[in-house]
Amino acid sequence: GQQLNQSPQSMFIQEGEDVSMNCTSSSIFNTWLWYKQEPGEGPVLLIALYKAGELTSNGRLTAQFGITRKDSFLNISASIPSDVGIYFCAGQLRGETSGSRLTFGEGTQLTVNP
Amino acid sequence: DGGITQSPKYLFRKEGQNVTLSCEQNLNHDAMYWYRQDPGQGLRLIYYSQIVNDFQKGDIAEGYSVSREKKESFPLTVTSAQKNPTAFYLCASYSSLQETQYFGPGTRLLVL
């Protein structure tokens, strides 16, 4: 089946630093999604990407849909303590058999030291 | 408010007992999903339903059962056949307009 490799697994940074994480796939996707999960809560959608090459921002967050459709990255600029959490990428391949199923990466645990 | 609700927040199961986790959405979404999350790991798909009265197994369906009698509701039963049920369970629904899944707040299941 499809697999997503998300890296890094964890990051420990100082407040104010920029952060970058990425996901790569063995298969192409039509949609890439980035979620953030805080402890004990469900994932919250941050950014959705729909076209190869698309670059989308949401405040201090920027994400890109790779040209090959097999990868995506998420950047966080000027990190703050409330950025702490687990960030997940997810890819979607629409089709008759796959429907609306998502394939998730393993997550990147972000820790921000004040 | 529109959204996805899961109840209860915490659930305790005794050995050999079936328990049912509730998931309700008022977003008018057709598709709904159940995921399991273990500590430090990603999300694994248990079951999903793309339309009322129809559902499909995900990657780890053994020991679980679901029903989809109403569009708004997609309950998950963790049966006694699931030998390692302790986990965080997440329900989601899918917006075909935005091509994205939205998640509920989760239910943490613990075995006594």
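All chains are named by letter (A, B, ...) in the order of the sequence lines, taking the proteins before the strands, and each is independently numbered beginning at 1.
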Subject >> Largest heavy-atom contact set with chain A, pairs under 4.5 Å, which of Gln98(B), Arg108(B), Arg44(B), Gln56(B) >> reply: Gln98(B)
Original post:
Thr31(A) and Glu99(B): which non-hydrogen atoms are nearest, and at how many Å?
Top reply: OG1-OE1, 3.3 Å
Original post:
Pick from Ala90(A), Gly105(A), Gly40(A): which one has the most heavy-atom pairs with chain B under 4.5 Å?
Top reply: Gly40(A)
Original post:
Are Trp34(B) and Leu27(B) connected, step by step, through hydrophobic side chains (Ile, Leu, Val, Met, Phe, Trp, Tyr) whose heavy atoms are closer than 4.5 Å?
Top reply: no
Original post:
If you look at every heavy atom in Leu43(B) and Pro43(A), which pair is closest and at what distance?
Top reply: CD2-CG, 4.4 Å
**OP:** Under 4.5 Å heavy-atom distance to chain A, tell me which part of Gln6(B) shows up: side chain, backbone, both or neither.
**Re:** neither
Subject >> Hydrophobic cluster membership, Phe103(B) vs Tyr64(B), 4.5 Å side-chain cutoff >> reply: no
Original post:
Minimum heavy-atom separation for Ala48(A) to Thr100(B), with atom names?
Top reply: CB-CG2, 3.8 Å
Subject >> Joint cluster assignment, Trp32(A) & Val19(A), ILVMFWY side-chain distance < 4.5 Å >> reply: yes
Original post:
To the nearest 0.5 Å, how far apart are CD in Gln37(B) and CZ in Phe104(A)?
Top reply: 9.5 Å
**OP:** Look at atom NZ of Lys9(B) and say whether more than 12 heavy atoms of other residues, nucleotides or ligands are closer to it than 6.0 Å.
**Re:** yes
Subject >> Neighbour count >12 (heavy atoms, 6.0 Å) for atom CD, Gln9(A) >> reply: no
Subject >> Verify same cluster id: Leu45(B), Leu109(B) (apolar side-chain graph, 4.5 Å) >> reply: no
**OP:** Enter the distance from Arg101(A):CZ to Tyr33(B):OH here, rounded to the nearest 0.5 Å.
**Re:** 9.0 Å
Subject >> Closest approach of Gln37(A) to Phe88(B) (non-hydrogen atoms, all atoms of both residues) >> reply: NE2-CE2, 3.7 Å
Original post:
Which heavy-atom pair separates Leu33(A) from Gln101(B) by the least distance, and what is that distance?
Top reply: CD1-N, 4.4 Å
Original post:
In the single-linkage hydrophobic clustering (I, L, V, M, F, W, Y; side-chain heavy atoms under 4.5 Å), do Val84(A) and Ile76(A) co-cluster?
Top reply: yes
